[in-house]
Amino acid sequence: MAQFLTRSHQAFCYGLNWSRNAEAINDNEAVTLQNCEFDVEDGGLRTADGIRPVYTANGIVTSLFFDRTCDTYYFSVNDTLYATADFAKTTKLGTLTGKARPHYTMFGTTCLVASGGKLQKIAGNHEALETIADAPNASAVTVRSGRAVVFSTDSDLLSYSAIGDASSWKYDAEHAQDISQPQSVNIGYKDKGALVAVDFLSKVLVCYKEDGRAYKVVGEPGDTDFAVEPISQTAYCMSPDAAVNIDSKSYYLGSSGFNSFIPTNDYGDIAPFQEGININGQLMRNMDKDCQLWHVPSKKQIWIKPQELPLIYIYHYVPRYSDGRGAFTSRTISAVVHDICDCENGVYLAYGNTIGILDHRIDTDNGAQIVTSIVGANRLANKHSILVMNRLFVTYNRIPGYGLVTCGKKTKRIEFGSSSTSIYDADTPIDSADTPIYMQDYARSYRVGGGSNKSVQISLIVPKGAISLRQFDYEYLEV
């Protein structure tokens, strides 16, 4: 009697892989992982969190930032900046000087705001937006070694404020020996193109310019080893919002996909790395100047928006591949995301005219049902056909619902129960409850037989509910 062979998919732990066709990818990779993410605690593949709206504006919410110093959120609607402590009451702070999406950074206890015009700060008791008279135009702002650092996408000039004073930007040639005064440096002097983005990486600043040129700024103004050196001519970063740094990597997004720079053993030296090889082909075909990256540290994720559409690719940057790469999933949002704010109170999204918070207790997005879709590799018969002998499917159920499990020709509906709230914590009368006091945490489906198939591709669709996938395997014979 022939021995059965097993296809074990290990809950698709390597995520999406579109770099090869569906017949060539590994069993633990997938062709569709929509509205899924890998759990930050146990690493399992699960339904993505729901989104609960907390505030609706009278226009598109273009940015969102949390000031930890005063427990206040700042957000912009069109060209106006607002503040709120709880999204129940908002305060208008003033008008932005530029038309670009605002960037924020904390300089001590002061919040600096860059929107393409003159640099601004939130002054007083966080009640007014004030323009810094001597500041240059700023598309983005950051802080390094006690200085505010800004650049404009209209030039190649990187400008540093005076040490300890973000309002001081005038250079005094008579006191040139005073290295604490404001400084500036041209990035790629006489090299064609303006700055696009600036990011940190270990001991250097990585500066991305138009046409794919990238430079590293080593040291600080006034240091004997202060230098600007070229590092790449193919680092195609497409917007000031398309670069983030995490630990020892600087990630960027552009016409060549999702890539990174990593430091080498030599001081100040860095090397490129194709971080998004599994999905870069798709990203490159769907990329424009509105692309953005966000770091979501509480989930150990980078959210990738390649263009102005309500689709997000999620990069789980904890290494899963031997070369240090992580895994990709994707999710759809009910409106285009413009900013993400990860703070102690949760992960907030500015999408459309709404601000919402990720909530693992719900399976809806702004009231609309989230549908989870998982599709694995397509396995072709090596001989006449694949005879599926049995399949095993196990989930941990987070929110009650149901799913449609397909293995070859056979599809079965699986009910997902979930433990209900305990009687002690319940806040509704027991005689009006419409769910059992106890329901099963796990759904397990073992089915014998699956028919003769020219190809087998397993899938799971969850139209309602939220689950964490534990096992999806099948045994088969080649006949």
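Any value given below was found using the heavy atoms of this structure, including those in side chains, with hydrogens, waters and symmetry copies removed.
Considering every non-hydrogen atom in both A214 and Y208, the closest pair reads CB-CD2, 4.2 Å. Listed here is the closest heavy atom pair of S248 and L201: O-CD1, 3.4 Å. What you find for S115 and Q120 is that their closest heavy atoms are OG-OE1, 4.2 Å. Of all non-hydrogen atoms in I399 and H360, the two that sit nearest each other are CD1-O, 3.8 Å. Residue E275 comes nearest to F328 through the heavy atom pair O-CE1, 4.1 Å, listed as atom of the first residue, atom of the second, then distance. The two atoms that bring G356 and I51 nearest to each other are CA-CG2, 4.2 Å, heavy atoms only.
In this structure, the side chain of S232 engages the main chain of T234 through a donor-acceptor pair within 3.5 Å. No donor-acceptor distance shorter than 3.5 angstrom exists from the side chain of K216 to the backbone of I231, with no hydrogens or angles considered. Within the 3.5 Å criterion, the main-chain N or O of A194 finds a donor-acceptor partner in the side chain of E210. Between the side chain of H103 and the backbone N or O of V141 there is no donor-acceptor pair closer than 3.5 Å. With hydrogens and angles disregarded, no donor-acceptor distance shorter than 3.5 Å links the side chain of R320 to the backbone of G326. Counting only distance, with no hydrogens or angles, the side chain of S239 and the backbone of D290 share no donor-acceptor pair below 3.5 Å. Of the possible donor and acceptor atoms, none in the side chain of Q471 sits under 3.5 Å from a partner among the backbone N and O of Q10. Side-chain N or O atoms of D172 include one that pairs as donor or acceptor with a backbone N or O of E174 at under 3.5 Å. Listed for the N35 side chain is a donor-acceptor partner under 3.5 Å among the backbone atoms of V371. Formation of a donor-acceptor pair under 3.5 Å by the D134 side chain with backbone atoms of S167 is not found in this model.
Residues D211 and D191 are not in side-chain contact: their nearest non-hydrogen atoms beyond the backbone lie 4.5 Å or more apart. The closest side-chain heavy-atom distance from N26 to N17 is not below 4.5 Å. The side-chain heavy atoms of V198 and V149, taken from C-beta on, include no pair separated by under 4.5 Å. At a threshold of 4.5 Å between non-hydrogen side-chain atoms, the residues S152 and S139 count as touching. Here the side chains of N345 and Y73 are in contact, with some heavy-atom distance below 4.5 Å. In this structure the side chain of H338 never reaches within 4.5 angstrom of the side chain of V61, judged on heavy atoms. In this structure, the side chains of V217 and F226 come closer than 4.5 Å at one or more pairs of heavy atoms. Put simply, the side chain of F38 does not reach to within 4.5 Å of the side chain of V318, judged on heavy atoms.
Checked against salt bridge (Lys or Arg N to Asp or Glu O under 4.0 Å), R46 has the following partners two or more places apart in sequence or in another chain: E37, D39, D49.
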D27 vs R379, salt bridge (charged side-chain N to carboxylate O under 4.0 Å, His left out): CA-CA, chis, key distance, verdict: CA-CA 9 Å; D27 288 337; R379 294 304 176 214; 2.8 Å; yes
Assess the residue pair T329 and Q301 against the criterion (side-chain contact (heavy atoms from CB on, under 4.5 Å)); give the C-alpha distance rounded to whole Å, side-chain angles, the decisive distance to 0.1 Å, and a yes or no. CA-CA 10 Å; T329 60; Q301 297 173 354; over 6 Å; no
Apply side-chain contact (heavy atoms from CB on, under 4.5 Å) to the pair D79 and K99, showing each step before the final yes or no. CA-CA 7 Å; D79 62 350; K99 301 299 182 182; 3.9 Å; yes
Could you walk me through whether N137 and D154 satisfy the side-chain contact (heavy atoms from CB on, under 4.5 Å) test, starting with their C-alpha distance in whole Å, then the side-chain angles of each, then the deciding distance to 0.1 Å, before giving a yes or no? CA-CA 9 Å; N137 288 346; D154 294 329; 5.7 Å; no
Checking ring-ring contact (aromatic ring centres under 6.0 Å, His included) for the pair Y348/F66: CA distance, chi angles, key distance, verdict? CA-CA 10 Å; Y348 289 85; F66 181 64; 8.1 Å; no
Give the C-alpha distance, both sets of side-chain angles, the deciding distance and a yes or no for side-chain contact (heavy atoms from CB on, under 4.5 Å) between I374 and C36. CA-CA 8 Å; I374 299 171; C36 303; 3.7 Å; yes
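For the atom pair K249 NZ and N259 CG, the distance stands at 11.0 Å (nearest 0.5 Å). One distance of note links CG of L93 with OH of Y82; it measures 9.5 Å at 0.5 Å rounding. Here NZ of K209 is found 13.0 Å from OG1 of T153. Values are rounded to the nearest 0.5 Å. Summarising the geometry, atom CZ belonging to R52 is positioned 12.0 Å from atom CG belonging to N366; distances are rounded to the nearest 0.5 Å. From L469, atom CG reaches atom CZ of F12 across 6.5 Å, with rounding to the nearest 0.5 Å. Rounded to the nearest 0.5 Å, atoms OG (S330) and OH (Y315) are 16.0 Å apart.
The one candidate from Y317, W303, Y251 that meets the ring-ring contact (aromatic ring centres under 6.0 Å, His included) condition with H295 is Y317. None of L195, T142, L157, V196 except one satisfies the side-chain contact (heavy atoms from CB on, under 4.5 Å) rule with F151; the exception is L195.
Listed by first and then second residue, the salt bridge (Lys or Arg N to Asp or Glu O under 4.0 Å) pairs that reach into residues 328-341 are R101-D339, sequence neighbours excluded.
For the residue pair T32 and S373, no side-chain donor N or O sits within less than 3.5 Å of a side-chain acceptor on the partner. In summary, the side chains of S63 and Y104 do present a donor paired with an acceptor at a separation below 3.5 Å, with no hydrogens or angles considered. Judged by distance alone, the side chains of T47 and T372 do bring a donor and an acceptor atom under 3.5 Å apart. Judged by distance alone, the side chains of D178 and S180 do bring a donor and an acceptor atom under 3.5 Å apart. Side chains of E23 and N378: a donor-acceptor N/O pair is present below 3.5 angstrom, by distance only.
K305 has a carboxylate O that lies under 4.0 Å from a charged side-chain N of E308, or vice versa, which qualifies the two as a salt bridge. Taking the charged nitrogens against the carboxylate oxygens, E29 and R20 do have a contact shorter than 4.0 Å, which makes a salt bridge.
Annotation: D323, atom CG; neighbour count of heavy atoms from other residues, nucleotides and ligands within 6.0 Å is above 12. More than 12 non-hydrogen atoms from other residues, nucleotides or ligands lie less than 6.0 angstrom from CZ of R68. K299 NZ: more than 12 foreign heavy atoms inside a 6.0 Å radius. Other residues, nucleotides and ligands place no more than 12 heavy atoms under 6.0 Å from the CD atom of Q233.
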